[in-house]
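Down below is the structure, laid out as structure tokens.
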Amino acid sequence: MPAKKDLYELGEIPPLGHVPEKMYASVLRPCRYGAPATAYEMEVMDVPELGPRQVMINVMAAGVNYNGVWTSLAKPIDMIAARQKYGDPHDFHIGGSEGSGVVWAVGSEVKDLQVGDHVMVSPCHWDEHAYDIRMGIDPIASKSTKVWGFEDNFGCFAQFSVVDDFQCFRKPENLTFEQAASVFVSFATAYRQLTGWAPHVVRPGDPILIWGGAGGLGTAAIQIVREFGGRGIAVVSSPEKADFCMSLGAAGTIDRRDFNHWGRMPEVGGEGFDEWQRGVRDFGKAFWEVLGAKQNPWIVFEHSGQDTMPTSIFICENGGMIVTCGATSGYNLDIDARVLWMRLKRLQGSHFASLRQCQEVVNLLGQERLDPLLAKTWDFPEIGQAHQVMHDNAHPPGNMAVVVNAPERALKQLKV
Ligand code: NAP
């Protein structure tokens, strides 16, 4: 058995259940805010304390997603300053909103998890006793809800992390820790967008427009649409990405570089509006062509935001839904309101997923009906670089993870 120490090197596994005082973490500080490549630095930090309904995770791998990009840029808000405003004493941020690892300690009131369990950790947590939750609100919409490692400090870009017990889901054996770390933000969010807003759910034969088809959300969405029998048309920006989307089961692809009406919508009826509308119509025709039928999308899967939302509103089928969870290109979403109300279209906000939806996604991954599509695994000191590549839209199609404490093979050797 390895000796007990106050700090372990990366990849060095302490005796099962021994929690050291210190840990390596990838840390953001206000003085380094800016490009992700230089904002993250590895530092030795205190291991966070465990609460009664919490679980200490020995983090094996962490997912790379946009939360880590927004936090390093301090856009749209400076998370450290936002927390300090409410009395938080810490002047640093440890990010990482999805991860996987081994349960290393459990709080006194935790019943369903034990030291040694292999888990994947979801990002959202809330106060189960919050008044609005007791009144029946969807916990994701609760005032008490926070995203771990984003709105909250002490995420999984560290050797150890403390999470609420309900954030943990048992890792299916067919997933490596790296795969398991990288799926929740993409897959569970896409799953809720496409199945969670009845009656606007994917049904067999439904045409669905998927923006950013080769990205984390997009590759998840293509697979979910395929599994529910829909026809997903993916928007991409290169022939390679188009091929990748087709290999996942997209019914067709559109290259957004063939159009130039992107960005904010001109004043309705004003200068440039007619030309802008022609661009939208051409895009709509391209959708029909690749679909092979004059049908508009029943669901428009949005997250690209300012550049695409005006088109999404127009192109959506009458009575259909535009469902959005993000705005990569900007937050000012222009809408021709006439189209929304006269055509009875639904514009739905959607944020992450319920615990049940998370479990359903884990089940589908465990049954190998969904492929986690881990495209690249980075080493821990490369966290900044991994987020820089994502920020620059230069990342490979699919999802990315960072190895934290141990790659899968080392863990197997240690038989943890
Ligand atoms: P991603 O892997 O970078 O994929 C996004 C894709 O969008 C890119 O591959 C890119 O594909 C496309 N894109 C980029 N800029 C665009 C533009 N101006 N117009 C049209 N398409 C554009 O990111 P992701 O993980 O899928 O996340 C996407 C967004 O959703 C982020 O803003 C993220 O913060 C948000 N999000 C929110 C939640 C939530 O729970 N609320 C969860 C996950 C993600 P092409 O260049 O090939 O078109």
Side-chain angles (χ1 to χ4, degrees), residues 34-36 65-79 147 150 185-186 189-190 193-194 197 208-218 220-221 233-238 241 253-284 286-287 296-297 299-316 320-341 343 345-352 387-388 390-395:
N65 57 60
Y66 254 95
N67 289 354
V69 174
W70 304 133
T71 335
S72 83
L73 297 171
K75 281 185 183 168
I77 47 174
D78 172 344
M79 286 299 179
V147 179
F150 181 52
V185 168
S186 300
T189 305
Q193 283 182 269
L194 293 164
W197 301 106
I208 312 290
L209 177 67
I210 299 167
W211 292 106
L217 283 174
I233 304 296
V235 183
V236 292
S237 63
S238 75
K241 286 183 175 181
T253 63
I254 303 174
D255 193 323
R256 66 183 167 101
R257 296 171 309 166
D258 295 341
F259 306 86
N260 58 12
H261 64 286
W262 308 122
R264 300 203 58 180
M265 186 175 73
E267 188 70 24
V268 174
E271 194 185 338
F273 184 73
D274 289 347
E275 196 190 334
W276 177 83
Q277 246 185 347
R278 273 195 291 281
V280 176
R281 285 203 192 98
D282 288 346
F283 184 80
F287 184 87
N296 292 326
I299 299 176
V300 178
F301 182 84
E302 253 286 350
H303 52 87
S304 29
Q306 186 167 300
D307 281 356
T308 54
M309 183 60 91
T311 300
S312 297
I313 297 286
F314 266 88
I315 196 177
C316 180
M321 173 178 73
I322 307 100
V323 58
T324 185
C325 73
T328 308
S329 63
Y331 304 105
N332 297 294
L333 307 182
D334 296 322
I335 289 165
D336 186 337
R338 301 167 301 175
V339 180
L340 197 69
W341 89 68
R343 305 299 179 205
K345 299 184 186 186
R346 172 180 181 183
L347 176 55
Q348 177 67 52
S350 193
H351 187 45
F352 193 56
H387 288 87
Q388 187 67 49
M390 176 164 256
H391 171 263
D392 298 341
N393 196 17
H395 49 315

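Annotation: side chain to side chain donor-acceptor pair (under 3.5 Å) contacts of Ser350 (sequence neighbours excluded): Trp197. Remark: Ala337 pairs with Trp341 by the side-chain contact (heavy atoms from CB on, under 4.5 Å) rule, at least two apart or across chains.
For the residue pair Ile335 and Met265, the shortest heavy atom distance occurs at C-CE, 3.9 Å. In this structure, Arg257 and Ser238 approach most closely via the heavy-atom pair NH2-CA, 3.7 Å. Of all heavy-atom pairs spanning Gln193 and Val323, the tightest one is NE2-O, 3.1 Å. Of all the heavy atoms in Lys241 and Ser237, the pair that sits closest is NZ-OG, 3.7 Å.
In terms of modelled atom types and a separation under 3.5 Å, the side chain of Ser329 and the main chain of Ser304 share a donor-acceptor contact. Judged by distance alone, the side chain of Thr189 and the main-chain N or O of Ser186 form no donor-acceptor pair under 3.5 Å. Asp392 places no side-chain N or O within 3.5 Å of a backbone atom of Ala394 that could act as its donor or acceptor partner.
Side-chain atoms of Glu267 and Phe273, non-hydrogen and from C-beta on, never get closer than 4.5 Å to each other. Ile208 places a side-chain heavy atom less than 4.5 Å from the side chain of Ile210. In this structure the side chain of Phe301 reaches within 4.5 angstrom of the side chain of Leu217, judged on heavy atoms. For the pair Val268 and Arg338, the minimum side-chain heavy-atom distance is below 4.5 Å. Contact check for Ile254 versus Ile233: side-chain heavy atoms found under the 4.5 Å cut-off. Using a 4.5 Å heavy-atom cutoff, the side chains of Arg264 and Gln306 are in contact. Looking at Ser72 and His387, their side chains never come closer than 4.5 Å, going by heavy atoms from C-beta outward. With a 4.5 Å cut-off on side-chain heavy atoms, Val235 and Phe283 count as touching.
Atom OG1 of residue Thr328 and atom CG of residue Asp307 lie 9.5 Å apart, to the nearest 0.5 angstrom. Rounded to the nearest 0.5 Å, atoms CD1 (Ile322) and CG (Leu340) are 6.0 Å apart. Atom NE2 in His395 sits 4.0 Å away from atom CE in Met390 (nearest 0.5 Å).
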Verdict with reasoning, Lys75 to Val69, per side chain to side chain contact (heavy atoms under 4.5 Å, CB included): CA-CA 9 Å; Lys75 281 185 183 168; Val69 174; over 6 Å; no
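Other residues, nucleotides and ligands place no more than 12 heavy atoms under 6.0 Å from the CG atom of Asn260. Heavy atoms of other residues, nucleotides or ligands lying less than 6.0 angstrom from CZ of Arg346 number more than 12.
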Show me, pair by pair, the donor-acceptor contacts under 3.5 angstrom made by side chains of residues 309-316, not counting sequence neighbours?
{"from": "Thr311", "atom 1": "OG1", "to": "His261", "atom 2": "NE2", "distance (Å)": "3.0"}
{"from": "Ser312", "atom 1": "OG", "to": "Trp211", "atom 2": "NE1", "distance (Å)": "2.9"}
{"from": "Ser312", "atom 1": "OG", "to": "Glu302", "atom 2": "OE2", "distance (Å)": "2.7"}
{"from": "Ser312", "atom 1": "OG", "to": "Thr308", "atom 2": "O", "distance (Å)": "3.2"}

